[in-house]
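Pasting a structure below so you can have a look.
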Amino acid sequence: MSKLPPIAFVSRGDAASEASWIATLSEAMPQENIVAFSALSGEDKRRVEIAIVANPNPADIAELTGLKWVHSLWAGVERLVAELGAGAPPLVRLVDPELSRVMAEAVLAWTYYLQRDMPAYRKQQQRKIWEELEYRHPSEMTVGLIGLGELGTASVRKLKEAGFNVIGWSRSLKSISGIDTVSADDGLSTLLRKSDIVVCLVPLTAETRGLLNSTRIAEMKHGASIINFARGPIIVADDLLGALNSGHLSHAVLDVFDVEPPPQTSPFWDRENVTVLPHISGPTSPASSARIVAANIRDWRATGKLPVTVDMQRGY
Ligand code: NAP
């Protein structure tokens with residue numbers, strides 16, 4: 001067995017998923033001894049320097065008193081940030097080109113779904129209506145990306161390649177070839193006014209919670225659509241429903257919700273102008289994420305340097 005302290009695997013998943021993750025991670029870093037939190041001895045808990053986590057119980061993390069850093073297996077870390085708090089050890093989130101590719105693919109797929117009027121053709125079929133709708137070329141449409149991080153940047157590139165006009169909003173102004181970029185409050189207004197489809201890919205933070213409320217939605221083009229692949233609470237659900245009811249917005253593709261799964265009574269389930277997806281737009285690939293985590297751990301063991309860590313104050 002390795003002389004290195006064990007790495008703790010901490011999750012709220014079931015035993016089978018925990019065993020499967022530990023097997024995949026161990027294969028990617030055979031020199032390391034990765035142990036489920038529940039199997040760590042008291043001595044191990046004091047020696048552990050690294051925790052690999054997937055929705056961990058914060059009380060378990062607190063028991064690892066020698067912890068130097070935490071690696072999340074997810075890209076979105078708002079829950080961890082809230083639960084671990086400002087005094088937590090440095091937190092590294094998953095940044096995986098394969099995840100970016102998969103998310104960009106989803107953004108393009110659901111953009112095509114809207115551009116090619118699939119919701120309208122579905123409604124026509126249900127009513128046995130045979131009618132051609134006017135074709136809109138991608139170059140006649142603008143897609144606005146809220147968030148130009150790892151996932152947003154991969155997505156705008158894919159949309160641009162497909163011929164859409166693309167505009168993107170981020171906190172710091174970006175420069176991405178062929179893409180209109182904006183920042184700040186007025187930049188968001190510009191994006192909302194110009195876009196036929198708005199795609200949400202910002203992290204959930206104190207600043208982005210409720211970002212798209214009735215005032216912001218009112219800035220959107222009449223008949224525009226929205227795709228939320230980020231987190232439910234970024235859009236105020238009642239305000240979105242109001243805009244869908246009034247016809248101001250024509251369709252919403254929602255992969256994320258305030259509560260997941262949404263309760264059976266949620267009005268989103270039954271609406272023709274809402275597509276409900278079960279949080280599938282950007283699944284973590286175990287094999288690829290294990291390789292990324294292994295490389296980060298290897299680098300840290302060799303150099304003591306961590307990859308970019310989450311800014312706990314900013315929340316992402
Ligand atoms: P990221 O690399 O941290 O990028 C976040 C982007 O949002 C950055 O461009 C950032 O601006 C911008 N941003 C953050 N707060 C802002 C604010 N207040 N005003 C303006 N822009 C702001 O994150 P990512 O890896 O692309 O992931 C984005 C989110 O996708 C995750 O947080 C997660 O919630 C979600 N996600 C969903 C799924 C799914 O299956 N549905 C899967 C994975 C991830 P700067 O560039 O200036 O910092």
Side-chain angles (χ1 to χ4, degrees), residues 54-55 71-82 91-111 144-159 166-176 179-192 198-213 216 226-235 252-262 275-286 288-289 292 296 307-316:
N55 293 335
H71 204 318
S72 170
L73 288 168
W74 313 148
V77 288
E78 76 286 342
R79 184 171 173 182
L80 260 181
V81 168
L91 172 61
V92 174
R93 72 188 187 98
L94 183 68
V95 175
D96 179 356
E98 173 58 11
L99 174 63
S100 304
R101 189 198 66 74
V102 170
M103 180 57 91
E105 179 185 82
V107 168
L108 183 61
W110 293 100
T111 296
L145 255 289
I146 297 186
L148 287 176
E150 300 295 333
L151 307 182
T153 301
S155 302
V156 292
R157 294 211 164 104
K158 204 160 246 257
L159 290 164
V166 187
I167 177 167
W169 182 73
S170 50
R171 179 197 293 272
S172 53
L173 191 61
K174 301 275 185 283
S175 167
I176 307 172
I179 311 294
D180 271 354
T181 52
V182 288
S183 64
D185 274 2
D186 58 336
L188 182 57
S189 297
T190 305
L191 179 149
L192 295 172
V198 170
V199 182
C200 193
L201 270 177
V202 267
L204 177 62
T205 66
E207 282 181 25
T208 62
R209 183 176 290 276
L211 178 71
L212 296 183
N213 56 17
R216 285 302 194 181
I226 199 158
I227 298 175
N228 190 4
F229 285 168
R231 288 292 182 262
I234 292 167
I235 306 181
V253 175
L254 305 176
D255 186 42
V256 287
F257 296 85
D258 292 355
V259 177
E260 293 179 9
T275 301
V276 172
L277 301 171
H279 203 131
I280 46 76
S281 54
T284 292
S285 151
S288 144
S289 58
I292 304 278
N296 288 339
V308 175
T309 56
V310 173
D311 179 331
M312 300 299 269
Q313 292 298 330
R314 213 174 50 170
Y316 72 99

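The first residue of the sequence shown is numbered 1, and numbering continues consecutively from there. Start at 1 and go down the list; that is how both ligands and their atoms are numbered.
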Report the part of Glu150 in contact with ligand 1, treating N, CA, C, O as backbone and CB onward as side chain, heavy atoms under 4.0 Å; options are side chain, backbone, both, neither.
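It is both backbone and side chain that touch ligand 1.
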
Structural part of Trp74 in contact with ligand 1, heavy atom criterion under 4.0 angstrom:
neither

So which protein heavy atom does atom 37 (C) of ligand 1 come closest to, and at what separation?
Phe229 O, 3.0 Å

Structural part of Tyr316 in contact with ligand 1, heavy atom criterion under 4.0 angstrom
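Just the side chain.
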
side-chain contact (heavy atoms from CB on, under 4.5 Å), that's the test. Do Leu91 and Thr309 meet it? Break it down for me.
CA-CA 5 Å; Leu91 172 61; Thr309 56; 5.8 Å; no

Arg216 and Ser189: side-chain donor and acceptor closer than 3.5 Å?
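Distance-only check passes for Arg216 and Ser189.
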
Nearest-option assignment for atom 9 (O) of ligand 1, heavy atoms, candidates Leu148, Asp311, Leu254:
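Among Leu148, Asp311, Leu254, the closest heavy atom to atom 9 (O) of ligand 1 belongs to Leu148.
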
Check for a donor-acceptor pair, side chain of Thr181 on one end and backbone N or O of Ser175 on the other, with a separation under 3.5 Å.
no

Atoms in ligand 1 with a heavy atom of Ser281 nearer than 4.0 Å
39 (C), 40 (O), 41 (N)

Looking only at heavy atoms, what is the nearest atom pair of Leu277 and Val253, with distance?
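Closest pair (atom of Leu277, atom of Val253, distance): CD1-CG1, 3.8 Å.
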
So, do Leu211 and Leu188 sit near enough that their side-chain heavy atoms are less than 4.5 Å apart?
yes

Looking only at protein heavy atoms, identify the closest one to atom 11 (O) of ligand 1 and say how far it is in Å.
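In this structure, atom 11 (O) of ligand 1 has Arg171 N, 3.3 Å as its nearest protein heavy atom.
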
Checking side-chain contact (heavy atoms from CB on, under 4.5 Å) for the pair Val107/Leu201: CA distance, chi angles, key distance, verdict?
CA-CA 10 Å; Val107 168; Leu201 270 177; 4.1 Å; yes

Out of Pro203, Ala75, Ala106, Ala184, whose heavy atom sits nearest atom 7 (O) of ligand 1?
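Among Pro203, Ala75, Ala106, Ala184, the closest heavy atom to atom 7 (O) of ligand 1 belongs to Pro203.
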
Could you identify the single nearest non-hydrogen protein atom to atom 19 (N) of ligand 1 and state the distance to 0.1 Å?
Trp169 CH2, 3.1 Å

Among all protein non-hydrogen atoms, which one is nearest to atom 28 (C) of ligand 1, and what is the separation to 0.1 Å?
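Atom 28 (C) of ligand 1 sits closest to the protein heavy atom Leu201 O, 3.4 Å.
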
Please work out, at 4.0 Å between heavy atoms, whether the side chain, the backbone, both, or neither of Glu207 comes within that distance of ligand 1.
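The side chain, only.
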
Just need the protein heavy atom nearest to atom 8 (C) of ligand 1, so name the residue and atom and give the distance.
Gly149 N, 3.6 Å

Taking the non-hydrogen atoms of Leu204, is any one of them nearer than 4.0 angstrom to ligand 1?
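It does not; every heavy atom stays at 4.0 Å or beyond.
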
Can you give me every donor-acceptor pair (side chain of residues 145-157, partner residue at least two apart or in another chain, under 3.5 Å) with its distance?
from   : atom 1 : to     : atom 2 : distance (Å)
Thr153 : OG1    : Leu148 : O      : 3.0
Thr153 : OG1    : Gly149 : O      : 2.7
Ser155 : OG     : Leu151 : O      : 2.7

What atoms of ligand 1 come within less than 4.0 Å of a heavy atom belonging to Arg231?
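This gives 33 (C), 34 (O), 35 (C), 36 (N), 37 (C) as the contact atoms.
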
Distance filter under 4.0 Å to Asp255 heavy atoms, resulting ligand 1 atoms:
39 (C), 40 (O), 41 (N)

If you have a sec, work out which protein heavy atom is nearest atom 40 (O) of ligand 1 and how many Å separate them, to one decimal?
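Sorting protein heavy atoms by distance from atom 40 (O) of ligand 1 puts Gly282 N, 3.0 Å first.
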
Minimum heavy-atom distance between Pro283 and Val102, given as atom pair plus value:
CD-CG1, 3.7 Å

Looking at every non-hydrogen atom in both residues, tell me the closest pair between Asp96 and Glu98 and how far apart they are.
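So the two residues come closest at OD1-N, 2.9 Å.
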
With heavy-atom distances below 4.0 Å as the criterion, list the atoms of ligand 1 near His279.
39 (C), 40 (O), 41 (N)

Could you tell me whether Leu151 approaches ligand 1 through its side chain, its backbone, both or neither, with non-hydrogen atoms closer than 4.0 Å?
both

On a heavy-atom basis, which atom in Leu173 and which in Ser183 lie closest, and how many Å separate them?
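Looking at all heavy atoms of both residues, the shortest contact is CD1-N, 3.9 Å.
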
Would you say Thr275 and Trp110 make side-chain contact, with heavy atoms under 4.5 Å?
yes

Numbering as shown, the atoms of ligand 1 that approach Gly76 to under 4.0 Å (heavy-atom distance):
31 (C), 32 (O), 33 (C)

On a heavy-atom basis, I'd like to know which of Arg93, Lys174, Arg79, Glu78 is closest to atom 2 (O) of ligand 1.
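Looking at heavy atoms only, the winner is Arg93.
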
Under 4.0 Å from a heavy atom of Met103: give me the atoms of ligand 1 that qualify, with their elements.
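So the answer, numbered in order with elements, is 37 (C), 38 (C), 39 (C), 42 (C).
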
Under 4.0 angstrom from ligand 1, any heavy atom of Val202?
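Under 4.0 Å: yes for Val202.
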
What do the steps show when you test Val198 against Ile226 for side-chain contact (heavy atoms from CB on, under 4.5 Å), and what is the final call?
CA-CA 5 Å; Val198 170; Ile226 199 158; 4.3 Å; yes

Within residues 71-82 or reaching into it, pairs that qualify as side-chain hydrogen bond (donor to acceptor under 3.5 Å, both in side chains) - sequence neighbours excluded
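Output for this query lists Asn55-Trp74, His71-Asn296, Glu78-Arg231, Arg79-Glu83.
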
Quick check: does any side chain N or O of Trp169 sit under 3.5 Å from a backbone N or O of Ala184, one acting as donor and the other as acceptor?
yes

Subset of ligand 1 atoms that lie under 4.0 Å from at least one heavy atom of Ser172
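In order of numbering, the contacting atoms are 45 (P), 46 (O), 47 (O).
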
